[in-house]
**Student:** 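I'd like to ask you about the structure that follows.
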Amino acid sequence: MSEKQHMRFMREAIELSHRNIRDGKGGPFGTVVVRDNVVIARGTNLVTSTNDPTAHAEIVAIREACHTLGTFRLDDCIIYTSCEPCPMCLGAIYWARPKAIYYANTRDDAASAGFDDRFLYEELPRPLADRRIPMIQLMRDEALTAFRAWEKLETKVRY
């Protein structure tokens, strides 16, 4: 794909971020998922309009792309997003396995605009006992039985 094509798709993601502000649906974030030079999914930040803290533009676009393609993997796709993905979105992107991610604004740009996710980057490497939200393990032995059943399942779909 040419640089001109990459810029066209990034412009669309950026325009989605502007449109989302004008439409009052959420924050200034937009994402497009492209396969074979065709946009197959679009997403904008819908956190406040849907009361869903996971409704970031990347997540919304990934969900739409997977639904459109009928698969949970986006191997042949490229994601264009108006801002560097937060840790949650980056995790979802890695699980979706696209070929590449193109982004415009940085996490520092987002922080300057009031969208600071620095605390998440700081929380991840901390020991569980030292995190802001307590993480308490409970009933591991009982829960492990589901993993043992999964390991034996011959019809499982690996991801």
Side-chain angles (χ1 to χ4, degrees), residues 6 9-35 38-140 143-144 146-147 150 156-159:
H6 288 303
F9 295 125
M10 183 57 77
R11 278 192 187 95
E12 183 168 350
I14 293 168
E15 175 51 34
L16 284 171
S17 71
H18 284 282
R19 188 179 314 148
N20 207 46
I21 297 168
R22 286 193 305 269
D23 293 347
K25 292 186 177 179
F29 302 94
T31 301
V32 296
V33 179
V34 174
R35 180 175 167 195
V38 175
V39 175
I40 60 162
R42 292 169 179 84
T44 58
N45 180 287
L46 302 175
V47 170
T48 56
S49 62
T50 62
N51 294 318
D52 179 353
T54 70
H56 289 200
E58 297 93 334
I59 303 290
V60 171
I62 288 169
R63 288 174 180 159
E64 182 180 318
C66 290
H67 178 77
T68 297
L69 296 175
T71 182
F72 55 87
R73 293 184 63 138
L74 302 176
D75 299 304
D76 298 327
C77 298
I78 298 174
I79 294 176
Y80 296 85
T81 186
S82 64
C83 189
E84 178 182 357
C86 74
M88 175 185 70
C89 293
L90 190 59
I93 290 168
Y94 269 84
W95 280 113
R97 297 173 178 88
K99 312 196 270 197
I101 307 163
Y102 287 80
Y103 68 95
N105 291 316
T106 68
R107 66 176 95 161
D108 293 328
D109 297 329
S112 293
F115 299 95
D116 193 357
D117 55 12
R118 187 173 300 118
F119 76 96
L120 293 171
Y121 291 97
E122 293 168 355
E123 282 287 296
L124 289 173
R126 285 190 177 136
L128 298 180
D130 294 340
R131 292 191 178 166
R132 290 183 190 182
I133 298 175
M135 294 191 61
I136 302 137
Q137 189 173 25
L138 187 65
M139 299 179 65
R140 179 175 180 249
L144 279 172
F147 284 154
W150 173 258
K156 66 182 159 240
V157 176
R158 296 189 184 274
Y159 58 95

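Along the sequence shown, residues are numbered consecutively beginning with 1. Remember, predicted model here, so these are calculated numbers, not experimental data. Side-chain atoms are counted along with the backbone in the values below, which use heavy atoms only and exclude waters and symmetry mates.
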**Student:** Suppose the criterion is salt bridge (charged side-chain N to carboxylate O under 4.0 Å, His left out): which pairs have a residue in residues 21-30, not counting sequence neighbours?
**Tutor:**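 Non-adjacent pairs meeting salt bridge (charged side-chain N to carboxylate O under 4.0 Å, His left out): Glu15-Arg22.
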**Student:** What pairs with Ala65 under side-chain contact (heavy atoms from CB on, under 4.5 Å), at least two apart in sequence or on another chain?
**Tutor:**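 Partners of Ala65 under the side-chain contact (heavy atoms from CB on, under 4.5 Å) test: Val33, Ile40, Ala41, Leu74.
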**Student:** Closest heavy-atom contact between Pro98 and Cys77?
**Tutor:**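 Distance-wise, the nearest heavy atoms are CB-O, 3.4 Å.
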**Student:** My understanding is that only residues two or more places apart in sequence, or in another chain, count here; which of them pass ring-ring contact (aromatic ring centres under 6.0 Å, His included) with His67?
**Tutor:**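 Per chain and number, His67 pairs via ring-ring contact (aromatic ring centres under 6.0 Å, His included) with no residue.
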**Student:** Among Val32, Ile62, Val34, which residue meets the side chain to side chain contact (heavy atoms under 4.5 Å, CB included) test with Ile79?
**Tutor:**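 The option that passes is Ile62.
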**Student:** With a 4.5 Å limit on heavy-atom distance, are the side chains of Glu58 and Ile93 in contact?
**Tutor:**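 SC-SC contact between Glu58 and Ile93 confirmed.
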**Student:** Please determine whether side-chain contact (heavy atoms from CB on, under 4.5 Å) holds for the pair Thr31 and Val60, giving the CA-CA distance in whole Å, both sets of side-chain angles, and the decisive distance to 0.1 Å.
**Tutor:** CA-CA 8 Å; Thr31 301; Val60 171; over 6 Å; no
**Student:** Is the number of heavy atoms from other residues, nucleotides or ligands under 6.0 Å of Tyr94 OH greater than 12?
**Tutor:**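 Result for OH/Tyr94: open.
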**Student:** What pairs with Phe9 under ring-ring contact (aromatic ring centres under 6.0 Å, His included), at least two apart in sequence or on another chain?
**Tutor:**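 Partners of Phe9 under the ring-ring contact (aromatic ring centres under 6.0 Å, His included) test: Tyr80.
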**Student:** Sequence neighbours excluded, which residues qualify as salt bridge (Lys or Arg N to Asp or Glu O under 4.0 Å) partners of Asp109?
**Tutor:**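 In terms of salt bridge (Lys or Arg N to Asp or Glu O under 4.0 Å), with neighbours along the sequence ignored, Asp109 is linked to no residue.
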**Student:** Can you pull the salt bridge (charged side-chain N to carboxylate O under 4.0 Å, His left out) pairs that have at least one residue in residues 81-97, sequence neighbours excluded?
**Tutor:**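 Of all non-adjacent pairs touching residues 81-97, those that pass salt bridge (charged side-chain N to carboxylate O under 4.0 Å, His left out) are Glu84-Arg107.
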**Student:** So, using side-chain contact (heavy atoms from CB on, under 4.5 Å) as the criterion, who are the partners of Thr50 when residues are at least two apart?
**Tutor:**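 Here the qualifying residues are Leu46, Asp52, Ala55.
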**Student:** Output a table of donor-acceptor pairs, distance under 3.5 Å, between side-chain atoms of residues 124-139 and any protein atom two or more places apart or on a different chain; print 'none' if there are none.
**Tutor:**
from: Arg126; atom 1: NH1; to: Glu123; atom 2: OE2; distance (Å): 2.3
from: Arg131; atom 1: NE; to: Glu123; atom 2: O; distance (Å): 3.2
from: Arg131; atom 1: NE; to: Arg126; atom 2: O; distance (Å): 3.4
from: Arg131; atom 1: NH2; to: Leu124; atom 2: O; distance (Å): 2.9

**Student:** What pairs with Asp76 under salt bridge (Lys or Arg N to Asp or Glu O under 4.0 Å), at least two apart in sequence or on another chain?
**Tutor:**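 Partners of Asp76 by the salt bridge (Lys or Arg N to Asp or Glu O under 4.0 Å) criterion come out as none, since no residue qualifies.
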**Student:** Between Arg63 and Thr54, does the side-chain contact (heavy atoms from CB on, under 4.5 Å) criterion hold? Intermediate values first, please.
**Tutor:** CA-CA 11 Å; Arg63 288 174 180 159; Thr54 70; 3.3 Å; yes
**Student:** Could you verify whether a donor N or O on one side chain and an acceptor N or O on the other, from Thr68 and Arg35, lie under 3.5 Å apart?
**Tutor:**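 Per modelled atom types, Thr68 and Arg35 side chains form no pair under 3.5 Å.
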**Student:** Show the nearest heavy-atom pair for residues Leu90 and Pro85, with the distance to one decimal.
**Tutor:**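 Shortest heavy-atom separation between Leu90 and Pro85 comes out as N-CB, 3.9 Å.
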**Student:** So which atom in Ala104 and which in Ser82 form the shortest heavy-atom distance, rounded to 0.1 Å?
**Tutor:**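 That would be CB-O, 3.4 Å.
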**Student:** Could you tell me whether the side chain of Cys89 reaches within less than 4.5 Å of the side chain of Ile59, counting heavy atoms only?
**Tutor:**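 Of all side-chain heavy-atom pairs linking Cys89 with Ile59, at least one is under 4.5 Å.
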**Student:** Taking only residues at least two apart or on different chains, which pairs with a member in residues 108-134 satisfy ring pair (Phe, Tyr, Trp, His ring centres under 6.0 Å)?
**Tutor:**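 Residue pairs passing ring pair (Phe, Tyr, Trp, His ring centres under 6.0 Å), neighbours aside: Phe29-Phe115.
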**Student:** Looking only at heavy atoms, what is the nearest atom pair of Asp75 and Arg73, with distance?
**Tutor:**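 Heavy atoms only, the tightest pair is OD1-NH2, 3.0 Å.
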**Student:** Just how far is it from atom CG of Asn105 to atom OG of Ser112, taken to the nearest 0.5 Å?
**Tutor:**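 Asn105 atom CG to Ser112 atom OG measures 10.0 Å (nearest 0.5 Å).
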**Student:** So which heavy atom on Asn45 is nearest to which on Val47, and how close?
**Tutor:**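 What the structure gives for the nearest pair is OD1-N, 3.3 Å.
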**Student:** If you compare all heavy atoms of Ala110 against all heavy atoms of Cys83, which two are closest, and at what distance to 0.1 Å?
**Tutor:**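 Heavy atoms of Ala110 and Cys83 come nearest at CB-SG, 3.8 Å.
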**Student:** Got a sec, which residues hit side-chain contact (heavy atoms from CB on, under 4.5 Å) with Phe147, two or more places apart in sequence or on another chain?
**Tutor:**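 Phe147 satisfies side-chain contact (heavy atoms from CB on, under 4.5 Å) with Leu144 only.
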**Student:** If the condition is side-chain contact (heavy atoms from CB on, under 4.5 Å), which residues does Leu120 pass it with, not counting sequence neighbours?
**Tutor:**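 Residues passing side-chain contact (heavy atoms from CB on, under 4.5 Å) with Leu120: Pro87, Asp117.
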